[in-house]
Amino acid sequence: MMGGGESYPALEASLLAEEAAARRQWEKTYLDVLGVCCSAEVALVERLLAPLDGVRAVAVVVPSRTVVVEHDPAAVSQSRIVKVLNGAGLEASVRAYGSSGFIGRRPSPYIVACGALLLASSFRWLLLPLQWLALGAACAGAPPMVLRGLAAASRLALDINILMLIAVAGAVALKDYTEAGVIVFLFTTAEWLETLACTKASAGMSSLMSMIPPKAVLAETGEVVNVRDIGVGVVIAVRAGEMVPVDGVVVDGQSEVDERSLTGESYPVPKQPQSEVWAGTLNLDGYIAVRTMALAENSTVAKMERLVEEAQQSKSKTQRLIDSCAKYYTPAVVVLGAGVALLPPLLGARDAERWFRLALVLLVSACPCALVLSTPVATFCALLTAARMGVLVKGGDVLESLGEIRAVAFDKTGTITRGEFTVDMFDVVEQKVQMSHLLYWISSIESKSSHPMAAALVEHAQSKSIQPKPECVAEFRILPGEGVYGEIDGKRIYVGNKRVLARGSSCQTVPERMNGLKGVSIGYVICDGDLVGVFSLSDDCRTGAAEAIRELASMGISSVLLTGDSAEAAVHAQERLGGALEELHSELFPEDKVRLVGALKARAGPTMMVGDGMNDAPALATADVGVSMGISGSAAAMETSHATLMSSDILRVPEAVRLGRRARRTIAVNMVSSVAAKAAVLALAVAWRPVLWAAVLADVGTCLLVVLNSMLLLGEGRRRRGKEEACRATARSLEMRRSQLAAVSPDAATKSVGKTGGDAPKGCHCCHKPSRSPEHSVAIDVRVDEQREGPTAATCAPAKKVEYSSSCVSAGCCSP
Ligand SMILES: Nc1ncnc2c1ncn2[C@@H]1O[C@H](COP(=O)(O)OP(=O)(O)OP(=O)(O)O)[C@@H](O)[C@H]1O
Ligand SMILES: [Mg+2]
Ligand SMILES: [Zn+2]
């Protein structure tokens with residue numbers, strides 16, 4: 001096309017087209033399309049919409065019967081798209097912003113008419129002409145089937161509608177009008193029921209998609225603007241009870257924010273100036289001004305939406321297998337059906353009608369609808385459940401791999417531990433430099449690093465009234481697995497573990513008192529080849545880490561630790577976990593982690609790697625399933641990983657594996673039962689007699705069963721929440737006590753029952769017993785959960801109630 005001989009007018013035209021494309025404003029429209037019943041219609045929808053001028057992309061989500069069209073509203077309007085789809089009988093309607101999907105919950109008039117006529121025809125034993133009403137029933141219910149069938153036939157495709165119409169025509173040809181009516185009625189009713197069942201799944205999906213409010217308020221002027229028009233660095237106002245519209249940093253005000261929509265965990269996270277807030281989270285109780293950090297379309301929740309959407313479209317291994325078979329399968333069945341109907345009579349078989357019926361049964365049974373649905377619906381429901389519990393899984397493939405995991409490798413810092421270091425000791429060696437100089441150098445250099453240790457060191461300096469000056473650092477380098485290097489005030493400074501000691505200094509003797517230290521990470525400061533400072537940092541294990549590892553073990557999954565930190569720190573973590581880990585590997589470089597994950601894969605089988613992305617992104621990519629921690633974790637990790645824990649609750653790891661296993665089982669059950677039902681009907685037809693309506697019932701019935709069975713996956717995770725519920729009643733009385741105390745003396749309230757995000761008192765709040773596990777005392781905090789029904793209620797003042805953390809319940813001191 002772009003050969004040298006291209007004439008100027010053609011070039012001009014293509015340039016014009018390009019220019020027009022650049023001027024376009026792309027917009028996404030979500031449509032509920034009830035006529036999408038199985039993958040067969042996907043190609044039809046694409047063929048109908050893709051040629052329209054102004055349509056850039058079409059995506060069909062079969063399980064929720066959603067079609068997402070990216071189009072230029074100026075060139076092709078929403079109503080035009082709807083009209084095109086409805087022209088093919090697809091029953092499309094535009095989904096209103098934030099609405100939960102299907103409006104058509106009542107059966108269509110076609111179904112009602114079909115059913116009524118069929119019922120009336122059953123009185124034909126009273127009056128013979130009534131039998132014609134059955135034919136009427138078939139005609140009354142058929143129009144949507146005919147429209148869709150015609151649309152499919154026009155592109156030479158064979159779909160379920162055509163198969164059913166052939167069966168109906170066959171029954172009419174055999175003068176069996178009741179059978180014809182019953183087939184139409186069964187088919188249309190089952191489709192309607194399926195739609196109803198899908199409503200729930202679809203509601204879940206749109207609740208995920210409509211979390212961002214469409215408007216935002218500018219802090220300076222109070223002007224209400226469209227979220228899409230807000231740039232980066234604009235300050236917006238978010239009042240109590242409102243959703244945060246764009247990702248940003250708090251610049252003014254204080255509040256507590258519920259991040260459940262992102263993390264799956266509903267407890268308020270305190271926010272003050274400098275805190276990050278995310279679009280789609282709910283501002284509970286204070287006014288905050290937020291400086292935006294991203295465009296609305298690049299906010300975390302928008303990315304999450306896109307991922308879930310893509311995940312539904314990306315096909316899993318099983319699904320691809322089925323699809324590739326379906327291509328050869330349908331034509332083969334048609335040929336076989338024709339053969340069964342025609343060959344025996346031609347060869348002189350007596351019972352031609354029986355063979356004809358048998359051929360019809362074969363055709364109907366051949367519809368792979370249930371088999372084709374068995375994977376995507378289950379995958380969809382499982383992905384949705386995962387997203388709701390705060391685990392973002394990138395696709396069906398990952399979900400299937402999750403169910404196969406045999407080993408898990410955990411990163412230490414920021415994964416098993418909180419990644420919130422405290423400085424236990426910070427000293428100048430032999431008075432070589434002044435403490436204030438040392439603090440100034442280190443904090444300035446470390447303020448350029450994003451390692452969790454760096455933050456602790458900067459904070460330590462600030463607590464000694466020394467402010468870091470990153471602009472004074474001349475050269476800065478990160479030494480992976482070792483530490484950092486920087487030049488400041490003409491001094492060449494290394495900060496890091498004992499590897500930098502070997503690198504930067506001639507003397508390698510470690511101060512005596514550093515040897516006896518247990519369970520801490522030791523750091524060294526080298527200035528111009530001389531050891532001038534030492535420090536030690538400690539970090540606590542995350543709540544639930546031990547429990548998560550034990551749970552994995554109970555599922556037959558072994559856990560290992562991979563850390564860049566020292567062996568002592570690794571052993572200390574193992575002690576805190578009660579020896580739950582099977583192997584410890586310490587002092588690793590990033591490439592060592594990759595190698596060890598590879599070895600684990602070879603030895604134990606499918607392997608998961610859980611990390612925070614500081615130095616472990618390559619290992620995450622190597623693992624069969626790489627799981628990154630937290631929305632605030634490194635962006636690289638979120639990109640390379642296969643799944644992301646939106647909260648840092650490590651207990652979600654075994655939960656996700658369990659969900660993966662359940663999804664695999666559900667898919668297997670779906671496939672086996674859909675094939676078995678068909679086999680049974682065929683066996684019945686061959687052995688006894690071909691019953692056409694039984695074949696239709698088996699077909700639509702298994703479709704329905706597959707959908708319902710898959711939807712059981714939506715309930716996963718609810719059990720855990722049930723446990724938390726048990727603690728709520730007690731907790732509520734606690735909240736009352738807190739407010740009573742607060743009325744008397746605010747100090748006493750904080751001290752006696754603890755404050756969210758503050759220091760937790762030792763012992764359990766519920767039962768006031770001393771805690772049973774060391775973890776438990778750390779875990780206890782009061783969680784506030786506001787009741788709301790969807791995003792609309794967010795504008796009302798939230799009603800507060802209190803619940804306990806799951807670890808509190810699982811520690812067993814407050815079970816009902
Ligand atoms: N910015 C830094 N300041 C001081 N020391 C550092 C810094 N970065 C790394 N180090 C030192 O290098 C070691 C290895 O770092 P690395 O990032 O590979 O592992 P890690 O994140 O500490 O542990 P894990 O691999 O479990 O996450 C750290 O334990 C620390 O001693
Ligand atoms: Mg790390
Ligand atoms: Zn308790």
Side-chain angles (χ1 to χ4, degrees), residues 409-421 423-424 426 438 441-461 468 470 473 476-486 493-504 510 514 517 519-526 533-542 545 559-574 577 581 583-597 609-620 628-630 633-634 636-637 648 650:
F410 287 99
D411 165 62
K412 185 183 76 75
T413 313
T415 305
I416 290 285
T417 64
R418 293 171 187 275
E420 289 159 15
F421 286 92
V423 179
D424 295 333
F426 192 102
L438 191 62
W441 294 338
I442 290 188
S443 64
S444 301
I445 292 172
E446 290 287 19
S447 62
K448 302 194 117 189
S449 157
S450 57
H451 198 275
M453 286 185 181
L457 290 169
V458 173
E459 215 162 273
H460 177 74
V473 180
F476 175 76
R477 254 183 300 141
I478 291 177
L479 312 167
E482 297 184 21
V484 289
Y485 167 79
I493 292 176
Y494 287 90
V495 190
N497 58 11
K498 60 184 174 220
R499 285 205 182 110
V500 301
L501 196 63
R503 180 194 281 264
V510 179
M514 305 304 292
L517 289 175
V520 292
S521 306
I522 297 166
Y524 304 92
V525 186
I526 288 121
V534 287
F535 56 88
S536 74
L537 303 164
S538 60
D539 189 12
D540 247 329
C541 282
R542 272 189 203 282
S559 304
V560 305
L561 185 74
L562 307 181
T563 180
D565 210 345
S566 64
E568 294 82 36
V571 169
H572 179 68
Q574 167 77 318
L577 295 172
L581 290 159
E583 285 172 28
L584 308 175
H585 300 271
S586 53
E587 295 176 26
L588 302 175
F589 286 115
E591 57 271 24
D592 296 330
K593 291 189 182 179
V594 174
R595 184 173 46 77
L596 282 164
V597 167
M609 166 89 201
V610 189
D612 61 351
M614 297 294 301
N615 283 350
D616 44 29
L620 289 177
S628 57
M629 298 283 291
S634 104
S648 34
I650 204 157

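Each ligand, and each atom within it, is numbered from 1 in the order the structure gives. Fair warning: this is a prediction, and the values are worked out from it, not measured in the lab.
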(Q) Are any of the N/O atoms on Asp612, whether in the backbone or the side chain, positioned under 3.5 angstrom from an N/O atom of ligand 1? (A) no
(Q) Show the nearest heavy-atom pair for residues Ile416 and Ala545, with the distance to one decimal. (A) O-CB, 4.0 Å
**Q.** Closest non-hydrogen atom pair, Asp565 against Ser521
**A.** OD2-OG, 2.7 Å
Q: For Thr413 and Gly419, work out which heavy atoms get closest and say how close.
A: CG2-CA, 4.4 Å
Q | Contact (N/O only, under 3.5 Å) between Gly564 and ligand 1 | A | yes
Q.
Using a 4.0 Å cutoff against the non-hydrogen atoms of Gly483, which atoms of ligand 1 qualify?
A. 6 (C), 7 (C), 8 (N), 9 (C), 10 (N), 12 (O)
Q | Of the listed options Met453, His451, Glu446, Glu587, closest to atom 15 (O) of ligand 1 (non-hydrogen atoms) | A | His451
(Q) I'd like to know if Asp411 and Lys593 make a salt bridge, using a cut-off of under 4.0 Å between side-chain N and carboxylate O. (A) yes
Q) Which atoms of ligand 1 have any heavy atom of Val484 under 4.0 Å away? A) 1 (N)
Q: For Gly523 and ligand 1, answer yes if some heavy atom of the residue is under 4.0 Å from a ligand atom, otherwise no.
A: no
Q: Classify the contact between Lys412 and ligand 1 as side chain, backbone, both or neither, using a heavy-atom distance cut-off of under 4.0 Å.
A: both
**Q.** Heavy-atom gap Lys593 to ligand 1 smaller than 4.0 Å
**A.** yes
Q. For Gly481 and Asn497, which heavy atoms make the closest approach, and how far apart are they?
A. O-ND2, 3.2 Å
Q. Counting from 1, what ligand 1 atoms have a heavy atom of Ser449 closer than 4.0 Å?
A. 1 (N)
Q: Just say parallel, tilted or perpendicular for the rings of Tyr485 and Tyr494, cut-offs at 30° and 60°.
A: tilted
**Q.** Per-atom contacts of ligand 1 with Glu482, taking only distances under 4.0 Å to non-hydrogen atoms
**A.** 10 (N), 11 (C), 12 (O)
Q: Could you tell me which non-hydrogen atom of Leu620 sits nearest to which non-hydrogen atom of Gly611, and how far apart they are?
A: CD2-N, 3.7 Å
Q: Hey, could you give me the CD1/CG distance between Ile526 and Leu501, rounded to the nearest 0.5 Å?
A: 5.0 Å
(Q) Return the CZ to OG distance between Arg499 and Ser566, rounded to the nearest 0.5 Å. (A) 10.5 Å
Q | Location of contacts on Thr413 toward ligand 1, heavy atoms closer than 4.0 Å | A | both
Q. Tell me, do Arg477 and Val484 make a side-chain contact under 4.5 Å, heavy atoms counted?
A. no
(Q) Suppose I only count heavy atoms of Gly496 and a 4.0 Å limit; which atoms of ligand 1 are within that range? (A) 5 (N)
Q: Answer with yes or no whether Gly481 contacts ligand 1, where contact means a heavy atom under 4.0 Å from a ligand atom.
A: yes
Q: Report yes if Thr563 has an N/O atom closer than 3.5 Å to an N/O atom of ligand 1; otherwise report no.
A: yes
(Q) Does any N or O of ligand 1 fall below 3.5 Å from an N or O anywhere on Ser566, backbone included? (A) no
